[in-house]
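Structure record follows, encoded as structure tokens.
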Amino acid sequence: MKGVATYMYRDFIRWIRYRVGVISALVLPAAWLLFVGLALPVTFTGNYLDFITPGILVMTILTAGISSGSLLMFDKILGFLNKFLAMPVPRESILVSKILFISVRGLIQATIIIVLAVLIGATMMNPLQYGLVYLILFLFGVFISAFSTTVALYLDDHDSFAAFTAMVTMPLFFTSSALMPYDAMPGWLATIARVNPLSFAIDAIRDVGAGGVPVVPILLLFVFTAVVVVMAGYVFRKVTV
Amino acid sequence: MTAILTEGLTKKFGNLCAVDSLDLSIEKEIFGLLGPNGSGKTTTVLMLTTLLAQTKGSASICGHDTLLAPEKVRDCISYVPQDMAVDTNLTGRENMLVFARLYGISDPKDKVDELLAVMELSDRADDLAKTYSGGMRRRLELAEALVHEPEVVFLDEPTIGLDVAARRSIWNHIRKMTKKGMTIFMTTHYMDEADQYCDRVGIISHGKVAAMGTPQELKSRLMKDVVTVTLEGEYHPVMLEGAVFVGESEGTVSFTAGNGREALPLLADALKQAGNCVKAMSLREPSLDDVFLQSVGKQEEPKGFEEWKFRMMLHRRN
């Protein structure tokens with residue numbers, strides 16, 4: 001779509017120049033990997049690093065994506081959005097560029113984690129498996145950033161949005177299958193974890209790691225993502241016309 | 001083709017009428033929309049730039065209807081909001097390139113260089129925009145707005161918050177733009193600037209046009225000049241065509257005149273002939289401030305404030 005690449009270029013340069021943001025985006029997941037992956041005394045699996053890496057990958061995409069709504073929100077608050085909307089570029093390309101930028105940025109962070117995990121002892125996978133992992137992470141990234149953007153468009157002020165992301169991120173992570181398998185959880189937690197969208201992506205990646213090809217989960221993830229993207233598009237059009 | 005044409009343009013937020021049956025016809029000139037805060041200026045600009053749909057009436061830019069052919073409208077306009085939206089972590093050149101690419105300019109680099117030179121930003125083009133002064137950021141925004149050679153440029157408070165020199169420089173650039181045949185539609189609070197630089201102004205109050213015309217016309221139509229004379233001794237009455245005696249108090253006499261500059265010497269002669277001893281005369285021309293105050297009247301702060309309406313307006317505006 002016309003304009004998408006340019007909007008992405010703008011966001012990318014802004015991100016790179018804001019160095020603290022780049023460093024923080026890389027340090028946080030690395031810290032999880034080192035302190036939780038290596039330090040936790042775990043008995044339910046042989047290589048805990050192999051078990052927790054998918055969880056940390058998905059968490060990284062989650063934290064990167066959930067705040068993506070604020071990108072569009074700040075463009076709106078600072079007056080950029082009105083400028084862009086008064087241009088002949090298709091308006092939807094603003095939304096598409098934000099979602100893509102956040103997803104691609106998440107994948108860059110994911111790459112660092114994958115490299116780090118292998119360096120400290122996780123099992124190396126073959127290229128096809130990595131391809132599948134990236135596909136799952138990308139779909140999940142689009143899902144989360146489209147969801148976050150929809151909420152941001154709806155809430156319309158930054159404080160409410162910050163409160164919303166803080167409220168969603170941590171509970172979502174701890175009630176997923178990121179840290180332990182279902183049979184090691186108390187019953188009530190396992191029930192919640194099974195319907196948590198995070199577990200969905202994490203389980204699919206673990207399946208890939210175990211040598212399987214999770215066709216059904218990937219297709220379902222694709223459908224969910226499509227639904228949320230359409231929703232975001234609808235709200236975006238409603239707010240901007 | 002009229003650059004900006006509106007017929008009965010109306011916008012309501014709930015039962016608050018922000019813009020009420022606005023009729024405008026603007027062509028290759030600098031048109032200034034003046035009005036107190038909350039009078040509907042920004043709402044009007046948003047409707048004309050296809051950012052807000054009107055409740056009633058129609059608007060067209062260069063012959064394209066804003067509701068029926070918004071893409072065509074966006075092709076021939078530029079909109080510079082008052083927020084100073086410049087990416088401060090990008091250089092001036094990078095900011096420009098984003099706009100040039102978005103507009104699909106065939107040779108973005110050359111066009112950017114050319115406009116940076118026009119706006120006198122060439123030597124600072126590769127510095128981050130956060131190091132720019134307010135005036136430079138505004139010029140950068142003007143340069144961005146000119147990238148696709150628009151026919152109509154909308155400027156919302158283009159000189160707000162700038163120092164005198166920066167304001168003058170912005171105005172000189174805006175003047176140059178009209179010389180190339182562009183139509184400028186702007187809003188401002190600075191009456192002196194509107195008086196000096198606008199070809200025509202419209203004053204709106206509560207969403208309605210209270211006065212419209214050239215600044216000169218408005219001043220002479222709404223107000224007369226005031227001539228004050230200080231006398232030594234007693235006042236001997238004079239009769240003079242074009243000057244009306246207003247009153248006398250403690251040695252000063254005042255007259256109003258349709259054209260004070262012309263009336264002044266005639267009045268001086270007439271007073272002398274009648275045997276008056278004139279010590280001093282002063283002439284006060286009406287300013288656009290006077291016109292503004294007279295046509296807008298005393299402004300009331302909104303009473304019975306309804307929060308939902310306010311939220312609705314904010315929601316729509318941002």
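Throughout, protein chains are lettered first and strands after them, A, B, ... in sequence-line order, and every chain is numbered starting at 1.
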Could you check whether any side-chain heavy atom of [X] comes within less than 4.5 Å of a side-chain heavy atom of [Y], counting everything from C-beta outward?
X       : Y        : result
A:Leu78 : B:Met84  : no
A:Phe80 : B:Asp87  : yes
B:Glu71 : A:Val89  : no
A:Arg17 : B:Glu94  : yes
A:Phe84 : B:Leu102 : yes

Under a 4.5 Å heavy-atom cutoff, which of B:Leu97, B:Val86, B:Val73 has the most pairs with chain A? B:Val86
Given B:Asn95, B:Leu90, B:Thr49, B:Leu128, the one with more heavy-atom pairs under 4.5 angstrom with chain A than any other is B:Leu90
NZ of B:Lys176: more than 12 outside heavy atoms within 6.0 angstrom? yes
Near A:Phe222 CZ, under 6.0 Å, is it more than 12 heavy atoms from other residues, nucleotides or ligands? no
Distance, nearest 0.5 Å, that separates OG1 of B:Thr88 from CZ of A:Arg14: 8.5 Å
Working to the nearest 0.5 Å, report the span between CG of B:Asp83 and CG of A:Asn82. 7.5 Å
Which bit of B:Glu144 comes within less than 4.5 Å of chain A, counting heavy atoms only: side chain, backbone, both or neither? side chain
Just by distance, do the side chain of A:Lys83 and the backbone of B:Ala85 share a donor-acceptor pair under 3.5 Å? yes
Taking B:Arg101 for the side chain and A:Thr6 for the main chain, is one N or O donor matched with an acceptor at less than 3.5 Å? no
Sort A:Tyr9 into side chain, backbone, both or neither according to what part of it lies under 4.5 angstrom from a heavy atom of chain B. side chain
